[in-house]
**Q** 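Here it is: the structure, laid out below.
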Amino acid sequence: MNTTITQKERILSLDIIRGFALFGILFINVEYYRIISENGTWIFPDYSGGINGIIDTLIHIFIEKKFFSIFSFLFGVGFYIFTSRAESRGDKPRRRFVRRLLALLVIGIVHSFIFFGSILSIYAVIGLFLVPFYHAKVSTISKWLCGIVTAHIIALLLQVFVPNTGAVFFVIGNDAIAIFIMFLSGFLVAKAGWISHIGEYTKQIRWIQIGTIPFFIGFSIWIWFASQGDDQNIQLIMSLGLIPSTYFYLTSLFLILENKQIVKFLKPIACVGQMAFTNYVAQSFIGLAIISLMGLEFVSPKNIVIISILIFSIQIIFSVVWFKFFRMGPLEKVWRFMTYGKRTA
């Protein structure tokens, strides 16, 4: 039986991956929905022992930074889809996308007053650096991507093994560069036609998956021992493993979601991903409400798991019901209005 999904269903697979990314992001953000500070310093209790310590380490290994990176990759894919569709309508794609980013910046600034860890305004600023690549050839984008990835990894290695290497390496090795790398990766893959023809590139995707497995395993072990030894470089180690681990996650998900039955089963998660903007913002409100109802002063790793599952379950139910009556999420509609300056279907 042929289980390869159609192009229309493949867009659904993007929504499923986006939904999973939102779920993973919860495991990082929930802790920051309620933070107590003392003399301007954030207070984080020590959860290094027992079940909380194990959960915290597992979050470091499998989730932290990686799901934001998946989300960033999909942002890059979305950049290509948005601009190419705008161009096919006779619109000015780059100018329209800049306006879309400015709208995102405004919404992100507003959201940051509610949740200081909001990524929206950062995405809007970094997204501007994608614009010059719109008309670039696939080969040119590939060269730029390889160069940036190489410089990023070298900068991180120097920070780990040669401390105090200077501000330049700190800038090149920070998370903003990693976000842009994933933006550009998503745009490159979409522009090269991989997203719309996954079945034709299964062999190449499989090779990327196989090639990144050793790095994923190696960095997972390194992060485990770094966590147990309270290594001060653990964030840098996670950043070093970020790109190969994210590529491993993405290739695995794309290959798994080539199966129609799996896509059908995960369709409720696609609803969450389809209104990712609304759900991302809503997570902070729902999280705060649940934390208040639970009467928590601090959110332990064990509670992070419970609250994340509760929030995501609520969002699955809400999203499925919403799309029975509407075609677009509420914030998606606001964003679209700000982008085009008029009501659209």
**Q** Answer yes if Tyr80 and Phe129 sit in the same cluster of Ile, Leu, Val, Met, Phe, Trp and Tyr residues linked by side chain heavy atoms under 4.5 Å apart, and no otherwise.
**A** yes
**Q** Pairing donors with acceptors under 3.5 angstrom, does anything connect the side chains of Asn279 and Ser319?
**A** yes
**Q** Is Trp207 linked to Ile205 within one hydrophobic cluster, defined over Ile, Leu, Val, Met, Phe, Trp and Tyr using a side-chain heavy-atom separation of less than 4.5 Å?
**A**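 No; Ile205 is not reachable from Trp207 via cluster members.
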**Q** Assert yes or no for the condition that the ring centre distance of Tyr249 to Phe216 is strictly below 6.0 Å.
**A**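 Yes, they do, as the ring centres are separated by less than 6.0 Å.
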**Q** Under a 3.5 Å distance rule, please check whether Trp335 uses its side chain to pair with a backbone N or O of Arg100 as donor and acceptor.
**A**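 Yes, Trp335 side chain to Arg100 backbone: donor-acceptor pair under 3.5 Å.
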**Q** With sequence neighbours left out, what residues match Phe71 under ring pair (Phe, Tyr, Trp, His ring centres under 6.0 Å)?
**A** none
**Q** Could you give the distance from OG (Ser72) to CZ (Phe67), rounded to the nearest 0.5 Å?
**A** 13.0 Å
**Q** Quick one: do the Thr278 and Glu332 side chains pair a donor with an acceptor below 3.5 Å?
**A** yes
**Q** Please confirm whether the backbone N or O of Val305 pairs with a side-chain atom of Ser308, one donor and one acceptor, at under 3.5 Å?
**A**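 Answer holds: no.
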**Q** Return the orientation label for the Phe187 and Phe79 ring planes: parallel under 30°, perpendicular over 60°, tilted otherwise.
**A** tilted
**Q** Evaluate the ring planes of Phe318 and Trp322, with Trp represented by its six-membered ring, and classify them as parallel (under 30°), tilted (30 to 60°) or perpendicular (over 60°).
**A** tilted
**Q** Just by distance, do the side chain of Lys191 and the backbone of Tyr134 share a donor-acceptor pair under 3.5 Å?
**A** yes
**Q** Restricting to ring pair (Phe, Tyr, Trp, His ring centres under 6.0 Å), what partner residues turn up for Phe73, sequence neighbours left out?
**A** none
**Q** CD1/Ile243 to CE/Met182 distance, rounded to the nearest 0.5 angstrom?
**A**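 It comes to 7.5 Å.
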**Q** So Phe116 and Tyr32, would you call those rings parallel, tilted or perpendicular, with 30° and 60° as cut-offs?
**A** perpendicular
**Q** Looking only at non-hydrogen atoms, find the nearest pair between Leu101 and Gly127 and report the distance.
**A**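 In this case the closest contact between Leu101 and Gly127 is CD1-C, 3.5 Å.
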**Q** Rounded to the nearest 0.5 Å, what's the gap from CG on Leu74 to CG on Leu250? Could you check?
**A**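 Taking CG in Leu74 and CG in Leu250, the distance rounds to 7.0 Å.
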**Q** Under the rule for salt bridge (Lys or Arg N to Asp or Glu O under 4.0 Å), what residues qualify as partners of Asp175, not counting sequence neighbours?
**A**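 Checked Asp175 against salt bridge (Lys or Arg N to Asp or Glu O under 4.0 Å); matches are Lys65.
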**Q** What distance do Leu120 atom CG and Leu105 atom CG have between them, rounded to the nearest 0.5 Å?
**A** 10.0 Å
**Q** Which distance, rounded to the nearest 0.5 Å, do you find between the CD of Gln235 and the CD of Glu64?
**A**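 If we round to the nearest 0.5 Å, Gln235:CD and Glu64:CD are 5.0 Å apart.
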**Q** Would Ile309 end up clustered with Ile55 when hydrophobic side chains under 4.5 Å apart are linked, directly or stepwise?
**A** yes
**Q** For the hydrophobic clusters of this structure (ILVMFWY residues joined by side-chain heavy atoms under 4.5 Å, transitively), does one cluster hold both Val125 and Leu102?
**A**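 Different hydrophobic clusters.
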**Q** Is there a donor-acceptor pair closer than 3.5 Å between any side-chain N or O of Ser118 and the backbone N or O of Phe115?
**A**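 The answer is no, because no donor-acceptor pair under 3.5 Å joins these two groups.
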**Q** Between Tyr280 and His111, how do the two ring planes meet: parallel, tilted or perpendicular, split at 30° and 60°?
**A**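 Answer is perpendicular, since the angle exceeds 60°.
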**Q** Donor-acceptor check, side chain of Gln159 to backbone of Phe169, threshold 3.5 angstrom: yes or no?
**A**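 Yes; judged by distance alone, with no hydrogens or angles, the pair exists.
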**Q** Hey, quick one: are Val334 and Val110 part of the same hydrophobic cluster, counting side-chain heavy atoms closer than 4.5 Å, chains of contacts allowed?
**A**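 No, it is not one cluster - the side chains of Val334 and Val110 are not joined through contacts under 4.5 Å.
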**Q** Scan Phe20, Phe23, Phe27 and name whichever one has a ring-ring contact (aromatic ring centres under 6.0 Å, His included) with Phe312.
**A** Phe23
**Q** Here's a test for you: under ring-ring contact (aromatic ring centres under 6.0 Å, His included), which of Phe68, Phe277, Phe183 qualifies with Tyr123?
**A** Phe183
**Q** Could you tell me whether Phe215 atom CZ has more than 12 heavy atoms of other residues or ligands within 6.0 Å of it?
**A** no
**Q** Taking Val299's backbone N and O only, do any of them form a donor-acceptor pair with Asn303's side chain (distance below 3.5 Å, no angle check)?
**A**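 Absent.
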